Protein chains: 2
Amino acid sequence: MEQDEYRIWQTLTEQDWMEMIRASNLVRFENRETIFRQDTRSSHFMFVEQGLVKVYKTGKSKKILTLKLEGPGHFVGLLSVLGSEIHQYSASAVGPASIRFFDHDTFLKVVMRNGNFSLDLLRELSRHGLFMFDKLISQAQKQLPGKVAEVILYFSENIFHSHEFEIPLTREEMSQLAGTTKESFIRTLSEFRHDKIIDLDGKKISIRSMKIIRILNDLG
Amino acid sequence: MEQDEYRIWQTLTEQDWMEMIRASNLVRFENRETIFRQDTRSSHFMFVEQGLVKVYKTGKSKKILTLKLEGPGHFVGLLSVLGSEIHQYSASAVGPASIRFFDHDTFLKVVMRNGNFSLDLLRELSRHGLFMFDKLISQAQKQLPGKVAEVILYFSENIFHSHEFEIPLTREEMSQLAGTTKESFIRTLSEFRHDKIIDLDGKKISIRSMKIIRILNDLG
DNA sequence: TTTAACTGATGATTTATCTCATTAACCTTC
DNA sequence: GAAGGTTAATGAGATAAATCATCAGTTAAA
């Protein structure tokens, strides 16, 4: 990794950067491998260099809710590393992914002495919080079509930047991202297909009417 | 306010503290007054010195979801001030409340030059994020009794630190905290009363069986 | 290569919760 | 102190979504 490869490192001095990199190691995960697991002790700061990472949490009823897929240039597990001793959620690789693990103390030392860097982290954490607040509203207030449209839109806009894409998740995993059951999710997808809002071919989805998807996402 | 009154200021030097305080002002809000409103421009860092502040967000359908009640010693609106130009949610006073408004640039200047302070903010923000993630799981996976028990437990443990308390919100406001409708909330409260889990007298609630409340909260 | 497990799809049924409607109690203010 | 507004409570009916069950197609394992 070069220092200028990701925006977040650009506030670091060459020395800070070198010190952090030296106290780090890059780990490659294969599809579906766990990166860290809820209820284990949190230790390292983890940064996605390549691939996609699924961030999810298991409720008391063992049901899973997936918060997001984090892509390159973002941290995973920050909330737990900074706000708790124990991981409060899990993360796993979606496809092959390279994660850099930074030594906890070295990372904090740099955060403490570099105001611009810590401010960037504060902003990253804040945007993450705003994202969660939005998701909270969705879960509390939207009904099925709105939730499913949101997931489709999420892949289209945040992950693939295209109206046509192949989703690297099973239907059940998608339903966990929507906050519903796999049956309900599948059913709603089928309805979207019948209503010619999307084309569907296995894991390939093509949005035929972005307008309707947006309306469904907005109005619930 | 004295510097040692709240934990968050203890990492500040006397100079930093004085500079920030000089560039701040304390505003008293009466019950139900808006402190900041969703969709307005965010400007100041706001800190609760006294009272309770309701943090809530209005969805596209105009329905309100209340995230939490923030008490003395905590910031409100941090997510928006740091992560967005525009407030993504609202806050209003629950009873009389004193809020200190810090000048944006002065506050950031201190954050940037004081590593311990910025680290404290990072931790505060992280805990806030973990709280939201928990709430997200609740909204996605719990049904009514679990959500209502959660609200009762929240008041008991986080706000009043007692099994008996008088809630400063209407039933409708409580339902927005639970993420349901006022009718459903009232109905569930009544059921709890019939089942002798709580005593109910207007806004006074007394938990008769903390054990059952906890079970309901945990298992859904 | 046969069996077993997983995934996707769909129907039928049940259940939870929302919506609508009504009433009573309590404030507020004119 | 009467009228209007807000809040709390509850019932009946409508509706959305979960659950349960089945089956076909696919992938993985024995």
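What you are looking at is a predicted structure, and each value in this text was computed from that prediction instead of being measured. The sequence lines fix the lettering, A, B, ..., with proteins before strands; numbering per chain opens at 1.
Because its NZ or CZ atom is not both nearer than 6.0 Å to the ring centre of A:Phe165 and within 45° of the ring axis, A:Lys204 does not count as a cation-pi partner of that residue.
A rotation axis mapping the C1' atoms of four pairs onto the next four is fitted at both ends of the helix from C:dT1-D:dA30 to C:dC30-D:dG1 over five pairs, and the angle between these axes is 40° to 10 degrees.
Under a 4.0 Å N-O distance rule, the pair A:Lys57/B:Asp134 qualifies as a salt bridge. Residues B:Arg32 and B:Glu30 are not paired through a salt bridge, judged by the lack of any N-O separation under 4.0 Å between the basic side chain and the carboxylate. A salt bridge between A:Arg214 and A:Glu157 is present, with a side-chain N of the basic residue lying under 4.0 Å from a carboxylate O of the acidic one.
For the pair A:Gln38 (side chain) and A:Thr58 (backbone), a donor-acceptor distance under 3.5 Å is present. Side chain of B:Ser156 to backbone of B:Ile152: no donor-acceptor contact under 3.5 angstrom is found. Formation of a donor-acceptor pair under 3.5 Å by the A:Ser184 side chain with backbone atoms of A:Thr180 is not found in this model.
The stretch residues 211-220 of chain B has no heavy atom under 4.0 angstrom from DNA chain C at all.
Counting only N and O atoms by type, the side chains of A:Asn217 and B:Lys60 include no donor and acceptor under 3.5 Å apart. With hydrogens and angles left out, the side-chain atoms of B:Arg100 and B:Ser24 include a donor and acceptor closer than 3.5 Å.
In this view, B:Phe36 and B:His87, B:Tyr89 satisfy the ring pair (Phe, Tyr, Trp, His ring centres under 6.0 Å) rule, not counting sequence neighbours. Not counting sequence neighbours, A:Arg193 has no partner by the side-chain hydrogen bond (donor to acceptor under 3.5 Å, both in side chains) test.
In this structure, B:Arg32 places its CZ atom 11 Å from P of C:dT28, rounding to the nearest Å. Rounded to whole Å, the distance from NZ on B:Lys147 to P on C:dT17 is 7 Å. With rounding to whole Å, B:Lys142 atom NZ is found 13 Å from C:dT17 atom P. Atom CD in B:Gln176 sits about 13 Å away from atom P in C:dC18, given to the nearest Å. The CD-P distance, from B:Gln141 to C:dA16, rounds to 17 Å in whole Å.
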Contact list (N/O, under 3.5 angstrom) for nucleotides 8-11 of chain C vs protein:
from, atom 1, to, atom 2, distance (Å)
C:dG8, OP1, A:Lys203, NZ, 2.7
C:dG8, OP2, A:Arg171, N, 2.7
C:dA9, OP2, A:Arg171, NE, 2.8
C:dA9, OP2, A:Arg171, NH2, 3.2
C:dT10, OP2, A:Ser190, OG, 2.6
C:dG11, N7, A:Arg187, NH1, 3.0
C:dG11, O6, A:Arg187, NH2, 3.3

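Screening A:Trp9, A:Tyr6, A:Phe101, A:Phe45 for a ring-ring contact (aromatic ring centres under 6.0 Å, His included) with A:Phe75, the sole residue that qualifies is A:Trp9.
With values rounded to the nearest 0.5 angstrom, B:Ser98 atom OG is found 6.0 Å from B:Arg28 atom CZ.
From the 5' end on, the contacts that DNA chain D makes with chain A at under 4.0 Å to a non-hydrogen atom open and close at D:dA16 to D:dC20.
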